[in-house]
Amino acid sequence: MSVRVRFAPSPTGNVHIGNIRAAIFNWLFARHEGGKFLLRVEDTDLERSTPEAIETLLECMDWLKLDYDEPAVYQSKNTQRHLEVADELEKKGFAYRDSRGGEGECVVFRMPAEGELEFDDLVKGRMRKKAKDLQDFVIVRSDGSPVFHLANVVDDIDMRITHVMRGDDHVENTFKHLELFRAIGSKAPEYVHLPMIVNNQGKPYSKRDGAAFVGEFREQGFLPDALFNFLVLLGWAPGDDREIMTRDELIEAFTLDRCKTSAARFDIKKLTWMNGEYIANQPREEFKKEFLARMARAGLPATPLFADLDSVLDPVQPRTKTYSDIPSNCIYLFTDDFPFDEKAVNRRLKKEGVRELLLEMAEKFETMPDFTEEALELIIKEKGESLGGMGAVVHPVRVAVSGVAEGPGLFELLVLAGRERVCARCRKAAEMAD
RNA sequence: ACUCCCAUCGUCUAUCGGCUAGGACAUAAGGUUUUCAUCCUUAAAAGCGGGGUUCGAUUCCCCGUGGGAGUGCCA
């Protein structure tokens, strides 16, 4: 029988990285096994499951390229079926009506009173629980609506799910679910419980710990492939020393026996590093598209003041860690109205003789015959020798032209900026000097 | 309180009884570079504690400790 797995999120506005990680594992498993990956939207909480929330969910799936193989199932459409099953269970004596909660009559599923319940988790191994440690549980609320446990199991049956892969926090539920399958008379799927993603305190990773929702990572300028790659490595490893892997490599290598059993902390620094690697290797056209979008959003022009966009992007792309740092990192290439970094100004401009130096260099730049990298290097080197090192010229000029202390190679930068701008900026910065 | 789960460098992880415990991120030092990023070299950095099983335990078992999860109308 071929593998059928599902991702079953409740659409509550944003998709948590823990949930999407579960989705990724399901997706990889399905693709590795040549099975089906399905989406079931558990939208039974009508108040929180707004159309916008569902839209957000689908966008996340799309962004991460988690394609599913059959039309999405909406759980709220199956309510009748859930209630029929509850009726059946009640008729057969597996469930009973009770009003102990006081809110009216609900339907309660009867758990075994004694004995031991067990199942083999494909990652965690054999799980056992004494029957007396599990209580009966509500499957239909007093308002007539089916509860998660019931709906989840019935839908898994109807969707012919073969493997349920979900968060660790569901292990206890699994004992209940297994009893439901048994009572309904249906073969239960295999179960796989994935460790949680936690914060520095070991608690479930939440919005308080930083970006916690897929949309936030997208907003902050992470690539879907980088996030995907990073998340897979939380709780799974290929066994060799590979870390940056393509989708195909991940699909090829992904097996359940390499999943971990312990919780993993979310390390944004490593994600950022990985994202930088992905950006550096991104096709120029893709980078350009995102670059322009970010510039537009920041209200900056789409075309550089000088040179063409590609020349400007050459030094920018390999230095970009996340898209969100694009506007501030290259604003000086697109407008003369750029900010000066205070530290850089204090360190490189507010020094004895810098004013004169900048004016002199502006003069030299203006009069040199060819404004090329080679010629610039000669001139700057020459001037530097009289000042005890090229740095004495390079640093002030860099800050004068870009406002910041880091960036592309200076000669490259000057040529990009063009003679006219360089001279103007040197003279303007000279006023800030000393 | 009870039940269950988990436990290797700061972090993510490798190790399926033989380990001088490997890799990556982060950190530190050095080299390359005009700066930053990159790149190269190097350093520091781990088996929670106690018992057992074994010729030999990070690896298997038990106890403790720590963390997490769950315990009838959330999912």
Side-chain angles (χ1 to χ4, degrees), chain A residues 8-10 12 19 42 44-45 48 75 98-109 111 121 124-125 127-130 132-143 145-149 151-152 166-176 193 195-198 200-204 230 233-244 257-258 260-274 276-277 280 315-321 329 344 348 376-377 380-381 384 389-395 397-399 402 404-414:
Chain A
S10 57
T12 51
N19 285 121
E42 304 213 329
T44 49
D45 184 340
R48 289 195 292 174
Q75 187 162 65
D98 194 286
S99 56
R100 213 185 309 173
E103 297 167 32
E105 210 174 42
C106 61
V107 180
V108 180
F109 183 76
M111 286 293 279
D121 187 294
K124 297 167 87 78
M127 310 292 284
R128 293 170 205 280
K129 192 93 177 171
K130 289 192 181 63
K132 67 177 172 60
D133 291 322
L134 283 162
Q135 266 67 54
D136 295 355
F137 57 95
V138 174
I139 54 175
V140 180
R141 295 187 189 87
S142 43
D143 69 0
S145 63
V147 168
F148 161 73
H149 303 294
N152 196 266
R166 49 172 28 167
D168 233 351
D169 48 338
H170 281 291
V171 286
E172 308 274 330
N173 290 334
T174 302
F175 293 101
K176 298 177 179 176
H193 290 96
M196 311 290 280
I197 294 177
V198 299
N200 295 326
Q201 278 82 248
K203 310 260 190 233
F230 177 76
L233 262 17
L234 256 33
W236 178 87
D240 46 42
D241 285 335
R242 285 181 297 170
E243 293 213 301
I244 292 188
D257 61 325
R258 298 215 54 87
K260 287 246 310 177
T261 52
S262 53
R265 288 180 198 199
F266 188 87
D267 181 9
I268 189 76
K269 285 192 182 145
K270 185 153 183 175
L271 205 211
T272 303
W273 162 76
M274 192 172 273
E277 296 290 306
V316 166
Q317 185 170 350
R319 273 166 243 261
T320 304
K321 294 300 173 200
N329 278 1
R348 302 300 186 189
L376 283 162
E377 180 167 3
I380 288 175
K381 205 170 232 167
M390 221 184 340
V393 181
V394 165
H395 299 306
V397 171
R398 169 183 296 285
V399 174
S402 72
V404 290
E406 69 269 359
L410 185 65
F411 313 132
E412 188 182 4
L413 172 64
L414 295 183

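Hydrogens, waters and symmetry mates are skipped; everything else that's a heavy atom, side chains included, is used. In what follows, chains carry the letters A, B, and so on, assigned in the order in which the sequence lines appear, proteins first and then strands, with residues in each chain numbered from 1.
Using a 4.0 Å heavy-atom distance criterion, A:P315 is classed as making no nucleic acid contact. Using a 4.0 Å heavy-atom distance criterion, A:R398 is classed as a base contact. Looking at heavy-atom distances under 4.0 Å, A:V108 makes contact with a base. Across all strands shown, A:M127 has heavy atoms under 4.0 Å from sugar-phosphate atoms exclusively, and none from any base. Contacts of A:D136 with the nucleic acid, taken as non-hydrogen atoms under 4.0 Å apart, include base atoms. Using a 4.0 Å heavy-atom criterion, one finds that A:K124 contacts the sugar-phosphate atoms exclusively. A:H193 comes within contact range of no nucleotide atom at all, as no heavy-atom separation falls under 4.0 Å. As judged by a 4.0 angstrom heavy-atom cut-off over every strand, A:S142 is placed among the base-contacting residues.
Considering only the side chain of A:S262, B:C6 comes nearest among B:C4, B:C12, B:C6. Comparing B:C74, B:A69, B:U35 by their closest approach to the side chain of A:R141 singles out B:C74. Nearest nucleotide to the side chain of A:A237, out of B:C73, B:U13, B:G67: B:U13. Side-chain proximity of A:V138 to B:A75, B:C73, B:U11: nearest is B:C73. You'll find that the side chain of A:A264 is closest to B:C12, out of B:U3, B:C12, B:G68. Checking B:A75, B:C73, B:U35 against the side-chain heavy atoms of A:E42 singles out B:A75 as nearest. For A:K260, the listed nucleotide lying nearest its side chain is B:U13; candidates were B:A75, B:U13, B:A7.
Within the 3.5 Å criterion, the main-chain N or O of A:E103 finds a donor-acceptor partner in the side chain of A:S142. Between the side chain of A:R398 and the backbone N or O of A:P408 there is at least one donor-acceptor pair closer than 3.5 Å. Side chain of A:R319 to backbone of A:G407: a donor-acceptor contact under 3.5 angstrom is found. Side-chain atoms of A:D121 come within 3.5 Å of backbone N or O of A:H193 as a donor-acceptor pair. Between the side chain of A:R258 and the backbone N or O of A:A237 there is at least one donor-acceptor pair closer than 3.5 Å. Using a distance-only test at 3.5 Å, with no hydrogens or angles considered, a donor-acceptor pair links the side chain of A:R265 to the main chain of A:N200. At distances below 3.5 Å, at least one donor-acceptor pair connects side-chain atoms of A:D136 with backbone N or O atoms of A:M111.
Taking the C1' atom of each, B:C48 and B:A37 are spaced 40 Å apart, rounded to whole Å. Spacing of C1' atoms, B:C61 relative to B:G23, comes out at 31 Å, to the nearest Å.
B:A75 has no base stacking with the ring of A:H149 when judged by centroids under 5.5 angstrom apart and an interplanar angle below 30°.
Remark: C1' of B:U34 and CG of A:L376 are 12 Å apart, rounded to the nearest angstrom. Rounded to an integer number of Å, the gap from CE of A:M111 to P of B:U3 is 17 Å. A:N329 has its CG atom 10 Å from the C1' atom of B:A37, to the nearest Å. Remark: P of B:C6 and CG of A:D169 are 15 Å apart, rounded to the nearest angstrom. Rounded to whole Å, atom P of B:U33 lies 16 Å from atom CG of A:L410. At whole-Å resolution of the value, CG in A:D168 and C1' in B:A7 are 13 Å apart. Rounded to whole Å, atom P of B:U33 lies 14 Å from atom NE2 of A:H395.
Relative orientation of the A:F266 and A:F230 rings is perpendicular, given thresholds of 30° and 60° on the angle between their planes.
With 3.5 Å as the limit, one finds a donor-acceptor pair spanning the side chains of A:H170 and A:N173.
Pair assignment for B:U58 gives none, since no Watson-Crick or G-U wobble pairing has each distance under 3.5 Å. In this entry B:A43 has B:U27 as its Watson-Crick or G-U wobble partner, both defining distances falling under 3.5 Å. Base pairing of B:C16 is not made with any nucleotide, judged by Watson-Crick or G-U wobble geometry with both donor-acceptor distances under 3.5 Å. In a base pair of the Watson-Crick type (N1 to N3 plus N6-O4 or O6-N4) or a G-U wobble (N1-O2 and O6-N3), with each distance short of 3.5 Å, B:A7 is matched with B:U65. Across the strands present, B:U32 finds no partner; the criterion is a Watson-Crick or G-U wobble pair with both atom distances under 3.5 angstrom. As the counterpart of B:C2, B:G70 is assigned, both hydrogen-bonding distances of the Watson-Crick or G-U wobble pattern falling under 3.5 Å.
Judged by distance alone with a 3.5 Å cut-off, a donor-acceptor contact links the side chain of A:N173 to the base of B:A75. A donor-acceptor contact under 3.5 angstrom links the side-chain atoms of A:R319 to the base of B:C36.
Side-chain contact between A:L410 and A:I380: present, with at least one pair of heavy atoms (C-beta onward) separated by less than 4.5 Å.
Proximity of A:R242 to the phosphate of B:A14: no side-chain N or O atom is located under 4.0 Å from OP1 or OP2. Contact between the side-chain N/O atoms of A:T261 and the OP1/OP2 oxygens of B:A7 is found at a separation under 4.0 Å. Taking side-chain N and O atoms only, A:R166 has no distance below 4.0 Å to OP1 or OP2 of B:A69.
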Encode nucleotides 20-28 of chain B as B, S and - characters from 5' to 3', where the letter depends on protein heavy atoms closer than 4.0 Å: B to the base, S only to sugar-phosphate, - to neither. --BBBSS--
